[in-house]
Amino acid sequence: MTGVAGAMSLLALSVMPALAEAAPTPNKADTVWMMVSTILVLLMTIPGLALFYGGLVRSKNMLSVLTQVLATVCLVSLIWVTYGYSLAFTAGGSLNDFVGGFDKIFLKGVTPESTVATFSNGVVIPELVYVAFQMTFACITPALIVGAFAERMKFSALLAFTALWVTIVYFPMAHMVWYWAGPDALGNAAKAVASATDAATKTAAQAKVDEVTADAGMLFKWGALDFAGGTVVHINAGIAGLVGCIMIGKRIGYGKELMAPHSLPMTMIGAALLWVGWFGFNAGSNLEASAGAVVALVNTFVATAAAGFAWLVIEWMGKGKPSLLGLASGVVAGLVAVTPASGFAGPMGAIILGLVSGVVCYFACTTLKNALGYDDSLDVFGVHCAGGIVGAIGTGILVNTALGGVGIPDYTSKPGELAVGAYDMGTAVWAQIKAVVFTLLYSGILSAILFKVVDVVIGLRVPQDQEREGLDIAEHGERAYNL
């Protein structure tokens, strides 16, 4: 009997792992898609954003802008893997509503085998590719701010501000909007409630659901939808840029001297690279090579085209001639506006969003800017903040399935599945408005404090003689063109 019992025990031990539910493993196609998307988002920043901005400034400041954008990418990449990823995407204990903790500082515990959830139950991707993908977002956001005070800020001050800003503003914003327990945690907790056989068990299971639901950033719990960065990236950077350009002051000769872009062909190249790279930005934010990525891809096509054409037409009507600069600016405005809605809206809704953003951003960059008199060198506020606001609020409307949207995701009504949740326009739009207002206040106030700190310690602005000479020579000792 002892031998038989021993054999049966060994048999049971060998069968148990097979009976246990296997942990999900990454799909190679999803992994490849996320690697490609990461590369595309880096393309947006360098060379896309760098060339777009570089072409818009005067030739004496061309290299300064390129250097600022490239240096921002290098600096933030190092900060991100040191502690940024941990602050953005881990639980933050008592501060979890606002920021993460240091559980993954220096990427502790992040290995080639570790995985993170996507938006589908039972689907994961390698954590390292998620780290890299989100790193590109962290890099491009402060790089966008550069355009607001181009041609007059000290390089050393920019680096100091960037390090402080990503730490105190960007990482917490990313956590508040994008950190959550994941679909499997919600689905498993909901399954436990559904399978509970008595009141006590059901109460305990429901408490677990509440605990998992609470393990998220504050704006996520508000119900704010931001597929790829309307609040986290564009409104965040746009309002910081406005604060910066006001605090630094206008360029010497602003409003009196011609400050035309020195190379619109360069700007056109940059805009084209931005559009191409933005497919990684938006469709990559689906985290899977699935139908959701295709929705985001199509929306990124059509909303951008609509915004570019809308700006072109309204400028043509107002000024008598359609300009390449206007068309390129409209394209970027459309990319910005569709970002939060890219995975939630339908194509027709995305077109409407693009048309509206093209018109709104045109007036923000012309009428509003002229009326208030601030010197936002490359219209960071007018395009990114205004376009981001249009897109964020519009997402709350266009997610409605009755308007062709995909609906609000629901992981608990059908445990283990992604279902479409109940939609109420008032509730959805109000969540978006709250998120927009919070982002404006949070980023605006803290950015002002950080600019002031850097100004006191280092000084924000180059001396007048250096500004007149141009930052290429004064700050970097080289010229863009030697003719």
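Remember, it's a predicted structure, so these values are computed and weren't measured experimentally.
- Taking OG1 from T136 and CH2 from W80, the interatomic distance works out to 9.0 Å, rounded to the nearest 0.5 Å.
- No side-chain heavy atom of I125 sits under 4.5 Å from any side-chain heavy atom of F133.
- With contacts defined as side-chain heavy-atom distances shorter than 4.5 Å, the pair L368/F381 qualifies.
- Counting only distance, with no hydrogens or angles, the side chain of Q432 and the backbone of L225 share a donor-acceptor pair below 3.5 Å.
- Going from atom CD1 of I239 over to atom OG1 of T231 covers 13.5 Å, rounded to the nearest 0.5 Å.
- Under the 4.5 Å side-chain criterion, counting only non-hydrogen atoms from C-beta, L75 is in contact with L159.
- Counting heavy atoms from C-beta on, the side chains of L87 and H175 never come closer than 4.5 Å.
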(message) Between N286 and S290, does the side chain to side chain donor-acceptor pair (under 3.5 Å) criterion hold? Intermediate values first, please.
(response) CA-CA 8 Å; N286 187 64; S290 63; 2.9 Å; yes
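- Taking 4.5 Å as the limit, some side-chain heavy atom of P347 sits within range of a side-chain heavy atom of N299.
- Between F451 and F161, the ring center distance clears the sub-6.0 Å criterion.
- Here the side chains of V338 and N282 are in contact, with some heavy-atom distance below 4.5 Å.
- In this structure, W278 has its ring center at least 6.0 angstrom away from the ring center of F301.
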(request) Show your working on side chain to side chain contact (heavy atoms under 4.5 Å, CB included) between V436 and I393 and close with a plain yes or no. (result) CA-CA 8 Å; V436 167; I393 296 175; 4.2 Å; yes
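- Between Y83 and F106, the gap from one ring centroid to the other reaches at least 6.0 Å.
- Residues V131 and L107 form a side-chain contact, since some pair of their non-hydrogen atoms from C-beta on lies under 4.5 Å apart.
- S114 places a side-chain N or O within donor-acceptor distance of the main-chain N or O of T111, the cut-off being under 3.5 Å.
- Every residue was checked against the salt bridge (charged side-chain N to carboxylate O under 4.0 Å, His left out) condition with D184, not counting sequence neighbours, and none meets it.
- For the atom pair L274 CG and L40 CG, the distance stands at 12.0 Å (nearest 0.5 Å).
- We find the OG1-CD1 distance between T45 and I140 to be 3.5 Å, quoted to the nearest 0.5 Å.
- K202 pairs by the salt bridge (charged side-chain N to carboxylate O under 4.0 Å, His left out) definition with nothing, not counting sequence neighbours.
- To the nearest 0.5 angstrom, L158 atom CG is 10.0 Å from I458 atom CD1.
- Separating the CZ atom in F102 from the OG1 atom in T82 is a distance of 11.5 Å, to the nearest 0.5 Å.
- For F89 and Y130, the ring centers sit closer than 6.0 Å to each other.
- Counting only distance, with no hydrogens or angles, the side chain of H384 and the backbone of A237 share no donor-acceptor pair below 3.5 Å.
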(request) Begin with the C-alpha distance, continue with both residues' side-chain angles, and end with the deciding distance and a verdict on ring-ring contact (aromatic ring centres under 6.0 Å, His included) for F171 and W165. (result) CA-CA 9 Å; F171 300 153; W165 190 83; 9.2 Å; no
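- Two residues are said to be in side-chain contact when any heavy atoms from C-beta on lie closer than 4.5 Å; C139 and S77 meet this criterion.
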(request) Go through the steps to decide whether S443 and N236 satisfy the test side chain to side chain donor-acceptor pair (under 3.5 Å), and finish with yes or no. (result) CA-CA 6 Å; S443 181; N236 199 9; 2.8 Å; yes
